[in-house]
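Input: a single structure, listed below in structure tokens.
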Amino acid sequence: MKKQKFNSFYALFLIIAVWYLLYFTIDSAIISSPTAVSKVFLVNFSSEILPHLLMSFYRITAAVLISLIFGVSLGLLTGMHPEIDKFLAPLIYLLYPIPKIAFLPVFMLLFGLGDLSKIILLIVIVIFQIIVTTRDGVRGIDSKYFASARSLGMDRLDIYQHLVLPAVFPGILTALRITIGTSIAVLFFAENFAVKYGIGYYIMNSWSMVNYAKMYSGIIAVSLLGYFLFKGIDLLEERFCSWQKS
Amino acid sequence: MIEVKNLEFAYQKEKVLHNINLDVKKGESLAVIGPSGCGKTTLLYLLAGLEKADRGAVKINSQVLAGIRDRSGVILQDYGLFPWKTVYNNLALGLKVRGAAAEEIKTKVSSALERLKISELKDKYPAELSGGQKQRVAVGRSLVLKPDLLLMDEPFSALDALTREEMQNLILGIQNRENFTFVLVTHDIAEAAFLGHKIAVIKEGKIVTVLENSHYGEKNLREKEGFFELQKKLRRLMSLDKKGEINDEKAEI
Ligand SMILES: Nc1ncnc2c1ncn2[C@@H]1O[C@H](COP(=O)(O)OP(=O)(O)OP(=O)(O)O)[C@@H](O)[C@H]1O
Ligand SMILES: [Mg+2]
């Protein structure tokens with residue numbers, strides 16, 4: 001635990017050091033001073049930044065949770081039943097590579113300008129990764145565990161609960177880590193359309209008002225958002241996947 | 001207890017077991033010995049109800065086996081312990097899926113842990129255990145279910161000689177007390193001679209012979225002349241080729 005704290009501080013220190021270096025070497029208003037930005041960040045955090053941040057946090061967690069529910073279900077289904085996979089796999093392979101972000105206008109037309117269209121955009125980006133990871137995870141389970149489970153008298157439901165889910169869980173967490181990076185980037189983009197709240201909006205709005213200190217404060221907030229989401233996943237891993245460490 | 005009649009089995013097209021006939025009485029033990037790939041594991045899967053015969057039948061307690069039996073304990077070739085469950089939870093799992101009450105699970109698992117001398121390992125995960133410890137957990141996982149039939153697939157082959165003998169003694173001790181029937185698959189001649197009332201020699205999916213082991217259960221069996229005689233006999237039987245000639249010497253040159 002102590003070591004982890006140290007690692008986080010070291011990362012923060014390094015980033016600030018590089019930032020200072022850039023600030024001193026590049027003589028332009030576009031690189032604000034870290035001290036000035038920190039001040040703006042602290043002063044505005046609870047009044048201005050936090051509401052935007054919470055809005056973005058809500059959109060991401062809603063999208064991730066919904067993707068998990070449907071993505072894991074579909075992944076388990078296709079992983080356990082090759083005959084279903086035969087029908088779904090081509091569909092998944094065709095839809096997965098489509099740049100969904102290009103469909104934001106379509107989603108906004110169909111699902112309104114508000115939260116729903118943004119959340120759906122995130123879902124269609126995140127869910128494929130989860131489906132494919134879960135399916136491949138199920139396929140990768142050694143058949144000896146299924147024999148072992150059946151020999152203990154486990155029925156279908158028991159097998160999902162005690163064998164399949166725990167076996168694919170670490171893979172799902174990895175998929176989540178990967179998709180969270182993408183989600184934040186996509187959300188940043190999506191929040192520039194027809195919203196008044198969201199950290200993406202806050203950053204771009206500050207930028208268009210030439211308030212660089214606020215823009216950087218927003219960027220710091222995004223970084224923190226990602227940091228806490230990743231930490232959350234780490235906690236889940238510590239709690240449920242400690243069997244992997246040894 | 002176990003009656004096997006004209007059993008045939010194939011994976012897809014590859015026929016693995018040919019016309020297997022076996023008879024094991026209640027409280028008896030059967031050791032199945034044969035070279036790698038001869039179909040030992042497959043036979044055990046059929047006895048456990050994990051695979052279904054193409055022809056013939058397995059009867060247990062005069063009932064045709066149609067699937068998994070509640071009172072058959074199975075120890076698979078590499079144990080099949082769930083890596084994501086602690087030792088305690090691995091032992092508890094069979095009881096849990098049978099709907100046992102939490103109190104009952106606790107008493108039964110704790111007493112099994114104690115008997116196998118692995119109480120202090122109960123919060124560890126399988127990956128943190130030595131081979132011998134994993135072995136004990138696998139035995140415990142079957143024993144908590146109070147089986148009347150225990151099916152074991154090379155349970156001790158990954159252990160060093162001394163630990164292996166210790167485990168063999170342990171199984172024999174528990175069997176003495178609980179009086180279950182057991183089938184042990186092995187490729188180790190000494191193990192078959194030590195743990196089998198009856199010893200079935202299998203080759204290429206066929207039973208070559210079934211020997212009666214008159215010394216079974218004797219004290220200090222490992223030091224006795226008869227034990228070595230039996231092993232010699234088994235070795236000869238295993239190295240006979242199809243024409244009935246011994247090819248042991250030829251192979252050694
Ligand atoms: N799931 C399977 N699908 C197809 N063929 C299989 C399968 N399992 C085993 N076989 C084949 O059946 C034959 C018997 O295998 P089995 O596992 O029963 O041998 P074994 O006597 O237990 O060997 P070992 O001592 O190495 O464990 C082998 O030729 C093997 O290739
Ligand atoms: Mg085998």
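Numbers restart at 1 for each chain; the letters A, B, ... are given by sequence-line order, proteins then strands.
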Among the listed options A:G153, A:A149, A:P166, the residue most often paired with chain B at heavy-atom distances under 4.5 Å: A:P166

Exceeds 12 heavy-atom contacts within 6.0 angstrom, atom CZ of B:R177: yes

Below 30° counts as parallel, above 60° as perpendicular, anything between as tilted: where do the rings of A:W243 and B:W84 land? perpendicular

B:Q63, CD: over 12 other non-hydrogen atoms inside 6.0 angstrom: no

When rounded to the nearest 0.5 angstrom, what distance separates CZ in A:R150 from CD in B:E51? 7.0 Å

State the OG-CG distance between A:S148 and B:L93, to the nearest 0.5 angstrom. 8.0 Å

B:P83 and A:Y145 have their tightest heavy-atom pair at CG-OH, 3.5 Å

Less than 4.5 Å to any heavy atom of chain A: does that hold for the side chain of B:I75, its backbone, both, or neither? neither

Need one label for B:K124: side chain, backbone, both or neither, based on atoms under 4.5 Å from any heavy atom in chain A. neither

Crowded around B:K5 NZ? As in, over 12 foreign heavy atoms under 6.0 Å? no

Can you tell me if OH on B:Y11 sees more than 12 non-hydrogen neighbours from other groups inside 6.0 Å? yes

Of all of B:L145, B:L76, B:L151, B:L95, which one pairs up most often with chain A through heavy atoms under 4.5 Å apart? B:L76

A:F103, CZ atom: more than 12 neighbouring heavy atoms under 6.0 Å: no

Sort A:L163 into side chain, backbone, both or neither according to what part of it lies under 4.5 angstrom from a heavy atom of chain B. both

Reported NE2-to-CG distance for the pair A:H162 and B:N89, which is rounded to 0.5 angstrom: 9.0 Å

Should we count OH of A:Y197 as having more than 12 external heavy atoms under 6.0 Å? no

Crowded around A:F230 CZ? As in, over 12 foreign heavy atoms under 6.0 Å? yes

Region of B:R69 in contact with chain A, defined by heavy-atom distances below 4.5 Å: neither

Toward chain A, the part of B:L50 with a non-hydrogen atom under 4.5 Å: both

Report the distance from atom CZ of B:R141 to atom CG of A:L152, rounding to the nearest 0.5 Å. 4.0 Å

Value rounded to 0.5 Å, distance of NZ in A:K144 from CG in B:L81: 9.0 Å

Whether over 12 other heavy atoms sit under 6.0 Å from A:E83 CD: yes

